[in-house]
Structures are given as structure tokens and as C-alpha cells.
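Working notes, structure below.
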Amino acid sequence: MAKEPVQSKLSPSAIRRPLLRWFDREARDLPWRRTRDPYAIWISEIMLQQTRVQAAAPYYERFVRRFPTVVALARARLDSVLKLWEGLGYYCRARNLHKAAQEIVTRFGGQLPETRSELLSLPGIGAYTAGAISSIAFGQREPLVDGNVTRVLCRVFRVRGNPKEAVVQKKLWSLAEELLPAARPGDFNQALMELGSEICLPKNPPCEVCPLRRTCLAKRHGEQNRLPARRRKKPIPCHTVVVGVIERNGRVLIDKRPSDGLLGGLWEFPGGKKQSGESLEEALHREVLEEVGIRIRVGDSIATVDHAYSHFRIRLHAFRCTYASGTPQCLGCDAIKWVRPGDLRRYAFPAANKKIIRALLDARQAGRRGSQ
DNA sequence: AACTCGGGGCT
DNA sequence: AGCCCAGAGTT
């Protein structure tokens, strides 16, 4: 007995033809669509993981200009890769990219592998990215499912389960595979994502201009705003964080975060989470002593910054401090350094720290003007 | 299956 | 104040 198709109600060609025709007419002119270099396409796909096109585009341009080949990236220092990645988020992507480049040199002679399974063996390349590179860069008939494709398929085929569940995921991948044509698989995959990004929006999609308006089952049932099924999210905690810009002899102290974990490999000002019952100043004394082993004097506030991460948020208080006593040592970090404020730009900092740096340099500039 | 891991733009 | 984004890796 032959295996039954996952969804036989809609014929593949009823979706392929209008979708590809629409894509040929409406596809955005994106930087990574102007190249056929698998290396460049790989870079773009890593940058686009959980990241909007508009956010990734300028990073992509800078990155491929600075590191034009696999070999150039493999030879680069990780710190310079992180500096180029600064502000883009999910910094493990930069570490995996660097490591994968070195593996491509040693295992594949510097050429990106073409098969899905070989691509999957590289760090930072999962199911989606393996499908994207093999189909877009190498023209192979490999499906992909991302957030956009999930929304499109859940609506067109009226899939009502929670897309986070494994059984629903499996169904979506099966649908994507069945729809995929042998000709132009890369364009078809991009067309599905483009539709999710431009027409099949999360809320109030403009179905009347959608190329799939005649086949979409969600539209037929008026359920396009209820699919895909929403998952409830837990409330996220808010932490109070305090950091010190510690000055000594015209330099400030920064430390490098451990390479694994949150914001790994980036630099920051010493500090940490305030505990309940503790004042901001007490917390700062304690955290600085625990992290870099010195005693400080706490001065004026520089800035207070609210910042949201994926699964928690912080209110960050930054204080101007001066060194008091003790020898700086690397207790809860990978490295420490005294740097001139003007050299802070050379180091990769998290976004919340960048806001502090800006406030710091602005105040410094104002001080100079005032003294003249 | 549930967590961890950023940052920004839109509603 | 959530929601979502061309997801991957770990537990």
C-alpha cells in the first residue's frame, strides 16, 4: 500500500504556479539575491536566523566585504568577527560561523558542501539553514520551514495544531516537501518565505492581494487571523542590574564575558544583579569585588537603561566610580582591561552597554566644551 | 519538550 | 507591553 499524501485536498501546482508567478513579479531586491556565491548565501542565512531582513542587510554587506571568502573568515580572529557582529544578537551564531569556516577549510577544502546532511554537520546549521543553502545556493530539491513558511502553510492547509509540537512540525515539513517543485526549488522556498513576510502577515493579512487567495483554506473559513495557533507565553522576570564605570588614571575598567552563555565573548562594565534587600550602591560594591576583585568608590549616576532580552528584562543602573584598592583580577570573566574612553569603540559591547557608553562619551564631550 | 540565546520594529 | 522575526544547540 502506497503511503498516503499528507494533504491531498490541494494540488501542488495550484500553489506552485501562482506563487512563483507572484514571486517573479514582486520579489524584493535583497543584497544576498544579487549573488550566487554559496559562501555569501551561507552568511546571509545565518544572519537571518530570528533576525529581520532590514536588520541583517547592513551587517551582511559589511561582513562579506571584510571576509569575502571561507578562508578569510577561517583565518580571522574571533574578536574581530564578534566586533562585526556587535548589535546583531545571538552571538553564538558568530562563534559557530567562525568555527564552521575552519571546518569547511579542513574537511571540505574550503568549499561549502552541497548536501543537506553535510551542511547539517556544521555548527550553526540546522534543519532550516541546511534546506536554505542546499536549495538556494546549489539548486537541490530540499524543503525548508521557518516562521514565515509555518504561517503560510498553517493557513493555506488549515493546520490547527500548535506549530511548536513535534507532530505539527513533521506535518509542515511534509507539506513543504510535497509542494516543492523539481525546477527552481530555491526560488520556490524563497517565494514561500517572501509571501509570509510581505502578504501572509501575523495579523490582518491583506488576503485580497494574495496569490493563494483562491486556494487558502484558512481564508475560506475566515480563520486567517486565528492561524497558526498561538502559544501562551510565561511572564518574563525583570532584574535590576547595576554596573560601574570605574576610572583610574584616565582609563576605565572593562571585562570580557565568558565565551559560553549570554552575550558570550563580548565586553562589558563590571557589575551584576542586585539582590533583594540590597541598595544599588551595596550591590555594586559586592558585584565589583566578586567579579574583578577590587574596592571602589561609587559616584554619580551616568544613566539608567531599560533593556529587554528574549526571556527576561533588566533595568540597568550605571554609576561613575573610582578605583579605591585591590588588584584587579579575572574572577567571573575571561579577561579584564583598563582602556581609554576613546578606545571603547574598538571592543564589542552588548546593546545595553552601548547606551551607557554613549551617555558617558556625551557627558565627557559636554565637560570638555564647558571647560573651554 | 522545554530552555537558552539579542535586538529592534510594529501594533 | 507583547509579539515576532529566513532558528540552533543544549538539557
Side-chain angles (χ1 to χ4, degrees), chain A residues 27-28 30-33 41-60 82 85-97 99-100 119-133 135-137 143-152 162-169 172-173 176 186-198 200-205 225 228 230-238 257-266 268 305-314 348-355:
Chain A
R28 289 169 292 176
L30 303 177
W32 42 87
R33 287 183 178 159
I41 292 171
W42 169 45
I43 301 300
S44 75
E45 289 300 340
I46 301 299
M47 286 187 172
L48 287 165
Q49 291 169 2
Q50 291 292 288
T51 305
R52 294 178 186 281
V53 161
Q54 304 91 300
Y59 283 86
Y60 169 83
L82 280 171
W85 208 270
E86 180 186 40
L88 196 54
Y90 287 127
Y91 298 94
C92 65
R93 292 184 296 178
R95 288 194 297 279
N96 285 333
L97 205 54
K99 186 165 187 289
L119 288 164
L120 277 172
S121 75
L122 292 167
I125 297 184
Y128 161 80
T129 306
I133 296 174
S135 65
I136 297 171
L144 59 76
V145 174
D146 74 330
N148 290 311
V149 176
T150 295
R151 191 166 52 254
V152 170
N162 184 341
K164 286 295 180 191
E165 291 177 12
V167 52
V168 179
Q169 272 295 306
L172 295 175
W173 279 91
D187 283 349
F188 181 82
N189 282 334
Q190 293 189 76
L192 272 179
M193 294 189 283
E194 189 89 348
L195 188 70
S197 169
E198 301 301 298
C200 199
L201 306 174
K203 285 183 180 175
N204 302 321
N225 260 328
R230 300 205 126 32
R231 61 196 185 283
R232 66 195 177 290
K233 257 198 198 166
K234 308 184 303 185
I236 61 176
C238 180
R257 296 177 63 91
S259 59
D260 55 337
L262 185 71
L263 307 170
L266 273 65
E268 65 178 5
V305 171
D306 288 318
H307 196 75
Y309 295 89
S310 309
H311 49 296
F312 65 92
R313 59 182 70 232
I314 63 169
F349 282 89
N353 272 259
K354 298 280 281 187
K355 299 176 188 174

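In what follows, every chain begins at residue 1, and chains take the letters A, B, ... in the order their sequences are listed. All of these numbers come straight from a predicted model, not from anything done at the bench.
No donor-acceptor pair under 3.5 Å is formed between the side chain of A:Arg93 and the backbone N or O of A:Gly124. Judged by distance alone, with hydrogens and angles left aside, the side-chain atoms of A:Gln169 form a donor-acceptor pair with the main-chain N or O of A:Pro163 at under 3.5 Å. Although no hydrogens or angles enter the test, the distance criterion places no donor-acceptor pair under 3.5 Å between the side chain of A:Glu268 and the main chain of A:Asn353.
Within 6.0 Å of NZ in A:Lys99 there are 12 or fewer heavy atoms belonging to other residues, nucleotides or ligands. Enclosure of atom CZ in A:Arg313 is not indicated, since only 12 or fewer non-hydrogen atoms of other residues, nucleotides or ligands lie within 6.0 angstrom.
Across all strands, A:Thr129 comes closer than 4.0 Å only to sugar-phosphate atoms, never to a base (heavy-atom distances). Note on A:Ala56: nothing from the nucleic acid sits closer than 4.0 angstrom, heavy atoms only. Residue A:Leu201 is out of contact with every strand shown, counting any heavy-atom pair closer than 4.0 Å. Base engagement by A:Trp32 is indicated by at least one non-hydrogen atom pair under 4.0 Å involving a base atom.
In this structure, A:Leu266 and A:Leu82 have side chains that are in contact, with non-hydrogen atoms separated by less than 4.5 Å.
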Quiz prompt | ring pair (Phe, Tyr, Trp, His ring centres under 6.0 Å) evaluation trace for A:His311 with A:Tyr309 | solution = CA-CA 6 Å; A:His311 49 296; A:Tyr309 295 89; 8.2 Å; no
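Here, C:dT10 and B:dG6 have their P atoms 14 Å apart, quoted to the whole Å. B:dC5 and C:dC5 have their C1' atoms separated by 14 Å, given to the nearest Å. Only the P atoms considered, B:dG8 is 22 Å distant from C:dA8, to the nearest whole Å.
Atom-to-atom, NZ of A:Lys99 to C1' of C:dG9 comes out at 12 Å; the value is rounded to the nearest Å. In this structure, A:Ile46 atom CD1 and C:dC5 atom P are separated by 18 Å, rounded to whole Å. Taking atom CE of residue A:Met193 and atom P of nucleotide C:dC5, one finds them 13 Å apart after rounding to whole Å. Rounded to an integer number of Å, the gap from A:Ile236 CD1 to C:dC4 C1' is 13 Å. With rounding to whole Å, A:Ile136 atom CD1 is found 8 Å from C:dA6 atom C1'. Put simply, CG on A:Leu48 is 13 Å from P on C:dC5, counting in whole angstrom units. C:dA6 atom C1' lies 12 Å from atom CG of A:Leu192, rounded to whole Å. Between the CG atom of A:Asn148 and the P atom of C:dC4 there is a distance of 12 Å, rounded to whole Å.
Closest to the side chain of A:Asn96, from the set C:dC5, C:dG7, C:dG9, is C:dG9. Candidate nucleotides B:dA1, C:dA6, C:dC4 were compared by shortest atom distance to the side chain of A:Pro202, and C:dC4 ranks first.
With values rounded to the nearest 0.5 angstrom, A:Thr129 atom OG1 is found 4.0 Å from A:Gln49 atom CD.
An OP1 or OP2 oxygen of C:dG9 is reached within less than 4.0 angstrom by no side-chain nitrogen or oxygen of A:Arg95.
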Practice problem: Determine, for nucleotides 4-11 of chain B in 5'-to-3' order, which nucleotides have protein heavy atoms under 4.0 Å from the base (write B), from only the sugar-phosphate (write S), or from neither (write -). | Solution: SBBBBB--
